[in-house]
There are 2 protein chains.
Amino acid sequence: MDPIGFTNHDHAGCIKGTLTQIETHCREAGLQLTPVRRRVLEILLHEHRALGAYDILDKLREEGLGSQPPVAYRALDFLVSHGFVNKIERLNAFVACAHPGEVHDPAFLICRKCDGVAEAQTKSARGQLGSTAKLTGFQIERAVLEAEGICPNCAEGPVV
Amino acid sequence: MDPIGFTNHDHAGCIKGTLTQIETHCREAGLQLTPVRRRVLEILLHEHRALGAYDILDKLREEGLGSQPPVAYRALDFLVSHGFVNKIERLNAFVACAHPGEVHDPAFLICRKCDGVAEAQTKSARGQLGSTAKLTGFQIERAVLEAEGICPNCAEGPVV
DNA sequence: CGAGATGTGTTATATTATAACATATGGCCT
DNA sequence: AGGCCATATGTTATAATATAACACATCTCG
Ligand SMILES: [Zn+2]
Ligand SMILES: [Zn+2]
Ligand SMILES: [Zn+2]
Ligand SMILES: [Zn+2]
């Protein structure tokens, strides 16, 4: 229930823990966490912030891990399809998942000043919309829930 | 609470009613519903379906109302900023608002087979996420709630 | 070895969106 | 009337996001 991202925390541990968790998950599930895929995941884990595919590609290029768009998009496809990374539709950008492996409908709080993204655990999407959907027989397969606003850090010291 | 879009209804009346409502709103608020803007609105009202900016531009072009992207995007900006049209972030496309003028957090049910979009009235976005947001002091300004799945029509006769 | 599956490298192109500047139109002030 | 401002449109060019298509490498399995 507590959204990670805007609060202070042991970020190095946060990165390492999630990475280990995903590595284990991949080993057990027979998924190939190749160097490019792993590096894209690391880049995203490093920030609690959404990065565009081309931002990521720039970093890969600097590191000699790939220079063309498909390299980044393919890695992102892999990470998203296995739930390690989420796409923020509102921003056309990507953010590491805070609860990888678990099945959940993620909800995001997006700060429009610092671009920070926090992932909140919530049952709202399927639950609330679900009841409305059932009335008409609509079958929900995926829910996008993104709230935009001002994060606590940016609210205190008004930047803009 | 009842989502319009997947249910049978008097669509001609639905279009005309909404258009009249918006015309009135514009007159009272001193907004200029110019020919291009009005036509874009009509095009969107005609379908309970999201159309891409370039789909709309194609129609405008056929009708000699404009041929370059900014024409469509500017009309859409106007319509979106005044709440007459909503953008479906998941699809990078636009749909006429079912409750123009009213302040509401719209939620959408998007059919991945027929591309139909229904707008549901719900308090969930701000309400559910709101409580989580308050815990960390996040101030929600705008909420995107989009559910993807199969609409009742497509569920009955599996098209794909 | 040969066939199939998976991942990467690369070129080219599609799709979505905006910047920037020119032109037109109408209201409004002097 | 003339000048001025705000708003809207026309047009060119380009930015930003995303995918198609094909070549090649590697690995596994029979
Ligand atoms: Zn962290
Ligand atoms: Zn912030
Ligand atoms: Zn209708
Ligand atoms: Zn459908």
Side-chain angles (χ1 to χ4, degrees), chain A residues 23 26-27 29-41 43-44 49-82 84-95 110 112 115 117 144 146, chain B residues 23 26-27 29-41 43-44 49-82 84-95 110 112 115 117 144 146:
Chain A
E23 277 168 344
C26 285
R27 211 176 312 114
L31 301 175
Q32 301 187 46
L33 191 60
T34 63
V36 182
R37 291 170 177 176
R38 191 196 153 96
R39 188 67 193 114
V40 170
L41 177 58
I43 290 169
L44 286 173
R49 195 164 76 83
L51 294 181
Y54 282 76
D55 296 332
I56 293 167
L57 180 57
D58 286 344
K59 302 216 181 197
L60 293 179
R61 194 178 280 131
E62 285 169 14
E63 301 171 12
L65 270 173
S67 61
Q68 302 305 322
V71 173
Y73 279 101
R74 284 194 288 229
L76 287 167
D77 280 350
F78 170 85
L79 295 168
V80 168
S81 69
H82 292 98
F84 306 142
V85 162
N86 293 118
K87 179 169 186 183
I88 305 293
E89 301 291 346
R90 176 77 180 103
L91 303 177
N92 294 319
F94 301 84
V95 70
I110 307 165
R112 68 168 166 79
D115 288 330
V117 173
V144 172
E146 298 170 359
Chain B
E23 278 168 345
C26 285
R27 210 175 314 115
L31 302 174
Q32 300 186 44
L33 191 60
T34 63
V36 182
R37 291 170 177 177
R38 192 196 153 97
R39 188 67 192 115
V40 171
L41 178 58
I43 290 168
L44 286 173
R49 195 164 75 82
L51 293 181
Y54 282 77
D55 296 332
I56 293 168
L57 181 58
D58 285 345
K59 301 215 184 199
L60 293 179
R61 193 178 281 130
E62 286 170 12
E63 301 171 12
L65 270 173
S67 61
Q68 301 306 322
V71 173
Y73 278 101
R74 284 195 288 230
L76 287 167
D77 281 349
F78 169 86
L79 295 168
V80 168
S81 69
H82 292 97
F84 306 142
V85 163
N86 293 118
K87 179 169 186 182
I88 306 292
E89 301 290 347
R90 174 78 179 104
L91 303 177
N92 294 318
F94 302 83
V95 71
I110 308 165
R112 67 169 166 79
D115 288 331
V117 173
V144 172
E146 299 170 359

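Chain A is the first sequence line, chain B the second, and so forth, proteins listed ahead of strands; every chain is numbered from 1. In what follows, every heavy atom counts, from backbone to side chain, and hydrogens, waters and symmetry copies are set aside.
Taking CG from A:Leu91 and CG from A:Leu51, the interatomic distance works out to 10.5 Å, rounded to the nearest 0.5 Å. Between the CZ atom in A:Arg90 and the CD atom in B:Glu146 there is a gap of 10.0 Å [rounded to 0.5 Å].
B:Asn92 meets the side-chain contact (heavy atoms from CB on, under 4.5 Å) test with A:Asn92, B:Lys87; sequence neighbours excluded. Residues forming a side-chain contact (heavy atoms from CB on, under 4.5 Å) with A:Asp58 (at least two apart in sequence, or on another chain): A:Arg61. Every side-chain contact (heavy atoms from CB on, under 4.5 Å) that A:Gln68 has, sequence neighbours left out, goes to A:Pro70.
Here the P atom of nucleotide D:dT17 and the CZ atom of A:Arg90 are 13 Å apart, to the nearest Å. One can place CG of A:Asp77 at 12 Å from P of C:dG7, the figure rounded to the nearest angstrom. Spacing between atom CD of A:Gln68 and atom P of D:dC22 amounts to 18 Å, rounded to whole angstrom units. If you measure from atom CG of A:Leu60 to atom P of C:dT8, you get 11 Å, rounded to the nearest angstrom. The CZ-C1' distance, from B:Arg61 to D:dT11, rounds to 13 Å in whole Å. In this entry the distance linking CD of B:Glu89 with P of D:dA18 reads 12 Å, nearest Å.
Under the salt bridge (Lys or Arg N to Asp or Glu O under 4.0 Å) criterion, the residue pairs touching residues 62-76 of chain A are A:Arg39-A:Glu63, with sequence neighbours excluded.
The aromatic rings of A:Phe84 and A:His82 sit parallel to each other, their planes meeting at less than 30°, with 60° as the upper class boundary.
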Tabulate atom names and distances for all N/O pairs under 3.5 angstrom spanning the protein and nucleotides 6-9 of chain D.
unit_1 : atom_1 : unit_2  : atom_2 : d
D:dT7  : O3'    : B:Gln32 : NE2    : 3.2
D:dA8  : OP1    : B:Arg37 : NH1    : 3.1
D:dA8  : O5'    : B:Arg37 : NH2    : 3.3
D:dT9  : OP1    : B:Thr34 : OG1    : 2.6

Restricting to nitrogen or oxygen on both sides, can you table the protein-nucleotides 15-17 of chain C pairs closer than 3.5 Å?
unit_1 : atom_1 : unit_2  : atom_2 : d
C:dA17 : OP1    : B:Lys87 : NZ     : 2.6
C:dA17 : OP2    : B:Tyr73 : OH     : 3.1
C:dA17 : O5'    : B:Tyr73 : OH     : 3.4
C:dA17 : N7     : B:Tyr54 : OH     : 2.6
C:dA17 : N6     : B:Tyr54 : OH     : 3.3

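Remark: of the listed residues B:Val117, B:Val80, B:Ile88, B:Asn86, B:Val80 is the sole one forming a side chain to side chain contact (heavy atoms under 4.5 Å, CB included) with B:Phe94.
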